[in-house]
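Note that the coordinates shown come from a computational prediction; the quantities given were computed from them, not determined experimentally. Residue numbers begin at 1 in each chain, while the letters A, B, ... track the order of the sequences.
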Amino acid sequence: MHSPGRARWIAHLDMDAFYASVELLRYPELRGRPVVIGGRRAHQPEELPDGSRRFARLRDYAGRGVVTTATYPARAYGVHSGMGLMKAAQLAPDAVLLPADFDAYRRMSRQFKAAVAEVAPVIEDRGIDEIYIDLSDLPGVQDPVGHDPLGGLRAVAQEIRNNVRAATGLTCSIGVTPNKLLSKIASDLDKPDGLTLLTLDDLPARIWPLPVRRINGIGPKAGAKLEALGIRSIGELAQREPAWLIERFGRSYGQWLYEASHGIDERPVVTHSEPVSISRETTFERDLHAVRDRAQLSAIFTRLAQQVADDLQRKGYLSRTIGIKLRFEDFRTVTRDLTVDQPTADAVQIRRAAGLCLKRVDFTRRLRLLGIRAGSLSRADAPASTATRRPARGKAATAAPGNPLPTQPELPLFDTPA
DNA sequence: TCTGGGGTCCTAGGACCC
DNA sequence: TCTGGGGTCCTAGGACCC
């Protein structure tokens with residue numbers, strides 16, 4: 001933990017094109033070529049008799065997959081993560097397409113994080129390919145080197161990069177600043193294989209010219225709204241009075257926008273956290289109808305419940321709130337959930353609760369996605385805590401007491417096992 | 001030829017309790 | 001009997017992130 005009275009220095013480390021780079025270690029002959037990772041049913045490379053490999057091309061893909069990652073040569077064609085593969089194929093038809101191998105990425109993720117921990121152990125996990133690191137209390141960080149007041153700090157950041165490279169063969173980009181918000185922006189300023197160290201004095205020159213969307217927490221909606229208000233850069237945002245922003249974005253978000261634009265962020269590096277929910281979902285190859293495709297949906301529903309139950313058991317959690325997620329052909333998304341009396345990790349119980357949720361949905365439109373979620377988690381090994389739970393009233397499955405949930409007229413749905 | 005799968009956090013209204 | 005304020009639980013939706 002950071003001790004008070006000394007300068008706080010936080011690093012954000014982001015692996016460069018992580019999934020794609022892991023694949024390039026495996027298939028070095030693809031280095032320098034446009035490569036896209038994505039799609040569930042993308043073809044595995046074919047081993048030819050002469051020992052070489054034949055790779056699937058983006059142009060041969062058909063389906064609903066999206067780009068998970070693209071190499072920098074592929075990005076040069078305008079391909080980026082989240083883009084539909086069919087659209088990416090128009091931009092770069094000759095790019096190589098590889099299926100995602102998440103087990104391999106998770107293994108490499110553990111390796112790079114262990115390499116960082118050898119140098120700097122105070123780490124916050126932010127997913128498979130990025131972390132925050134609190135450098136404040138490491139030896140040498142607060143010391144100048146030669147004429148450079150931040151020389152010790154820079155040396156530690158460089159040592160982290162070297163260690164990651166040595167352990168994995170992969171490059172990363174690091175931003176080092178007084179807080180998480182600025183470090184996240186900074187790690188992106190010299191990508192790939194970059195190291196960017198900023199102080200608050202650098203804010204006007206290095207941060208303010210950037211578009212507001214570079215702030216972690218300003219997404220498509222807030223970005224568009226700011227644009228409509230004539231605010232494109234972080235500097236333009238910083239010129240606005242807090243009251244002006246609060247009027248237009250609400251008390252909480254408006255205040256946060258003001259602080260973010262001024263580089264203010266006191267959030268600590270959090271080294272441990274418990275999961276809030278565990279879920280599984282799937283998008284179908286074609287849209288399915290609740291009645292006409294009942295058998296198929298029922299089988300998928302059962303499988304999702306089983307997967308969620310397996311995940312809960314493997315990780316050692318029980319859930320008290322079971323929910324479903326549906327996406328219709330028009331891309332509208334609805335969720336329903338239900339708090340059950342007994343916390344569970346049992347596939348049959350989960351499926352039953354999720355089935356009750358289904359009855360509260362209108363199935364006029366066809367479905368493109370189905371998901372099951374388990375929330376209100378507790379540790380399976382913890383003593384059952386009934387203390388915080390009010391006694392259930394009325395029927396076994398009520399929502400708020402006395403608040404019967406609306407249900408649709410009975411339809412032969414897929415809420416019973418196939 | 002549109003738009004994956006896994007998450008977190010916030011807001012908001014109604015019920016209920018004190 | 002009416003009014004009412006604070007706090008918590010439950011549910012639904014949405015923004016955002018990796």
Point to revise | Within residues 241-257 of chain A, residues whose heavy atoms come under 4.0 Å of DNA chain B | key: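 A/S252 - these, ordered by number, are the residues of the stretch whose heavy atoms sit under 4.0 Å from the strand.
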
Practice item. List in numerical order all residues of residues 65-83 of chain A for which some heavy atom is under 4.0 Å away from an atom belonging to DNA chain B. Key: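 Only A/V66 qualify.
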
Nearest whole Å is fine: how far is [N] [atom2] from [X] [atom1]?
X      : N     : atom1 : atom2 : result
A/R286 : B/dC2 : CZ    : P     : 15 Å
A/I128 : B/dG5 : CD1   : P     : 16 Å
A/L377 : B/dG7 : CG    : C1'   : 12 Å

Test of understanding: with side-chain hydrogen bond (donor to acceptor under 3.5 Å, both in side chains), list the residues that count as partners of [X], not counting sequence neighbours.
X      : answer
A/R267 : A/D265
A/Q158 : A/R161, A/N162
A/R165 : none

Practice item. Please state the P separation for the pair C/dC18 and B/dC2 - nearest whole angstrom. Key: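 Per the computed distance, 28 Å lies between those P atoms.
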
Review point. Distance between the C1' atoms of C/dG4 and B/dC16, in whole angstroms?
Key: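 C/dG4 and B/dC16 have their C1' atoms separated by 15 Å.
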
Check your understanding: Syn or anti for B/dC2, with syn set at within 90° of 0?
Key ->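 Syn, angle within 90° of zero.
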
Practice item. Any ring pair (Phe, Tyr, Trp, His ring centres under 6.0 Å) involving residues 296-323 of chain A? Give me the pairs, sequence neighbours left out, ordered by first then second residue. Key: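 Residue pairs passing ring pair (Phe, Tyr, Trp, His ring centres under 6.0 Å), neighbours aside: A/F301-A/F414.
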
Give, ordered by number, those residues of [range] having at least one heavy-atom distance below 4.0 Å to an atom of DNA chain C; if nothing qualifies, reply none.
range                       : result
residues 167-192 of chain A : A/K184
residues 105-112 of chain A : none
residues 211-237 of chain A : A/I215, A/N216, A/G217, A/I218, A/G219, A/P220, A/K221, A/A222

Review point. What residues form a side-chain contact (heavy atoms from CB on, under 4.5 Å) with A/D16, not counting sequence neighbours?
Key: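 For A/D16 the side-chain contact (heavy atoms from CB on, under 4.5 Å) partners, ignoring immediate neighbours, are A/Y72, A/T171, A/S173, A/K191, A/P192, A/D193.
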
Exercise for review: Decide yes or no for A/R31 and A/L25: does some side-chain heavy atom of the first lie under 4.5 Å from some side-chain heavy atom of the second?
Suggested key: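 Heavy-atom side-chain distance check passes, below 4.5 Å.
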
Review point. Where each residue is assigned the nucleotide of DNA chain B containing its nearest heavy atom, which of A/F102 and A/P275 is assigned the position nearer the 5′ end?
Key: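 Its nearest nucleotide lies further toward 5', so the answer is A/F102.
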
Exercise for review: Could you pull out all residues at least two apart from A/D287 that satisfy salt bridge (Lys or Arg N to Asp or Glu O under 4.0 Å)?
Suggested key: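 Per chain and number, A/D287 pairs via salt bridge (Lys or Arg N to Asp or Glu O under 4.0 Å) with A/R64.
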
Revision key, fill the gap. Given Watson-Crick and G-U pairs under 3.5 Å, DNA chain B in dot-bracket ([ ] crossing, | other strand) is ....||||||||||||||

